[in-house]
**Student:** 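The structure under discussion is supplied below as structure tokens; questions concerning it will follow.
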Amino acid sequence: MSNKQLIGFDADDTLWENEVFFHKAQMKFIELHPHIKDPEEVILQIEKENIKFYGYGIKGFILSLLEASVRFSNNQTDLQNIDKIIKIGKDMLAQTIQLLPEVEETLQHLSEHYMLIIITKGDLLDQQRKVQKSGLLKYFSFTEIVSEKDEQTYLEILEKNNIAPKDFLMVGNSLKSDVLPVRNIGGTGIYIPHKLTWKHEEVDRTFDLERIVELKTISALKVWLKNQI
Ligand SMILES: [Mg+2]
């Protein structure tokens, strides 16, 4: 056992594909609304405004798309489009889980040496469904589904489990949610970029790199951990 006792994993775009489905849904929305100028920007803006009401996840995203559709319809809302947007959302919620490469082998290996947990944000029901359907549950001690992944959230999880921040490592594809808050409370943030990451998760790259590690793939974690002992 190394000095790192607890390893937290982000789920979406760290263990399985997620953002790609939002991207595809957004493309379908744009096809239905060719008259909206800068649609990506418009949608992002509405989503950002709505996080404080709905939190993260597909339901909030779909409500934001509905809002965009209504807001840009000049009071002539197309009910067929509304119906199609609702269908886009239900299809997203029914999407099968697509694990990212080398995830299962890596978790299997690490679970023999470390205590692993999932820390994810989003809709409670949808995140539970994905965790269960992923087949990965057996590698994790428990799952935390939270509203926001900030310093306070991480501190509360560690306190509950009697883990000192220095013994905690968090793995994820978001610098903003997975890496920086954990580093800031005294843990280590392992950043594994995914080619698609939501614009809302982007941060200025002006932070110092102390206790931040960037790995190309999840399987590189095994080697990195071995070298820490
Ligand atoms: Mg993620």
Side-chain angles (χ1 to χ4, degrees), residues 6-26 40 43-44 47-48 50-51 54-62 64 92-93 95-104 106-107 110 116-137 139-140 142-154 157 168-185 187-205 207 212-221 224:
L6 181 69
I7 308 180
F9 283 85
D10 166 54
D12 293 336
D13 298 311
T14 297
L15 303 179
W16 50 68
E17 296 285 4
N18 176 66
E19 188 59 26
V20 65
F21 303 121
F22 280 83
H23 193 73
K24 284 181 181 164
Q26 186 163 295
E40 280 102 347
I43 295 166
L44 181 65
E47 280 186 282
K48 280 186 172 179
N50 282 338
I51 284 170
Y54 311 137
Y56 298 91
I58 293 171
K59 282 189 286 185
F61 173 63
I62 293 301
S64 294
M92 289 176 82
L93 290 164
Q95 178 65 48
T96 51
I97 306 297
Q98 293 179 15
L99 294 186
L100 289 165
E102 299 164 334
V103 162
E104 175 127 37
T106 304
L107 292 178
L110 294 180
L116 311 183
I117 64 171
I118 292 179
I119 306 176
T120 179
K121 66 183 183 199
D123 293 327
L124 181 61
L125 185 64
D126 185 41
Q127 296 304 82
Q128 281 174 337
R129 176 189 65 86
K130 288 192 286 189
V131 169
Q132 271 157 13
K133 280 193 176 171
S134 71
L136 299 175
L137 209 49
Y139 304 120
F140 293 98
F142 58 92
T143 302
E144 291 275 355
I145 300 170
V146 297
S147 306
E148 190 64 84
K149 286 158 89 171
D150 52 17
E151 294 169 17
Q152 191 54 39
T153 302
Y154 287 112
I157 293 171
F168 178 56
L169 219 132
M170 178 70 194
V171 182
N173 72 305
S174 168
L175 287 166
K176 185 182 178 183
S177 301
D178 306 317
V179 174
L180 290 172
V182 170
R183 187 279 297 274
N184 293 345
I185 61 165
T188 300
I190 309 277
Y191 174 48
I192 304 179
H194 185 284
K195 61 181 184 308
L196 274 182
T197 292
W198 187 28
K199 278 207 161 54
H200 180 68
E201 296 291 333
E202 284 175 3
V203 287
D204 280 343
R205 287 249 188 176
F207 47 86
I212 293 179
V213 179
E214 180 167 343
L215 300 176
K216 281 205 172 65
T217 62
I218 198 164
S219 62
L221 198 52
W224 183 83

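Order of appearance sets the numbers: ligands from 1, and atoms from 1 within every ligand. When a residue number appears, it is its place in the shown sequence, counting from 1.
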**Student:** Take atom NZ of Lys59 as the centre, draw a 6.0 Å sphere, and report whether it contains more than 12 heavy atoms from other residues, nucleotides or ligands.
**Tutor:** no
**Student:** Between Leu15 and Phe140, is any pair of side-chain heavy atoms under 4.5 Å apart?
**Tutor:** yes
**Student:** Under the salt bridge (charged side-chain N to carboxylate O under 4.0 Å, His left out) test, which residues partner Glu47, sequence neighbours left out?
**Tutor:** none
**Student:** Within a radius below 2.8 Å of the Mg ion (ligand 1), how many protein N, O or S atoms are present?
**Tutor:** 3
**Student:** Would you indicate whether the side-chain heavy atoms of Leu136 and Leu99 approach each other to under 4.5 Å?
**Tutor:** yes
**Student:** Got Asp12 and Glu19 here, is their nearest side-chain heavy-atom distance under 4.5 Å?
**Tutor:** no
**Student:** Strictly distance-based, threshold 3.5 Å: is any side-chain N or O of Asp13 a donor or acceptor partner for the main-chain N or O of Asn18?
**Tutor:** yes
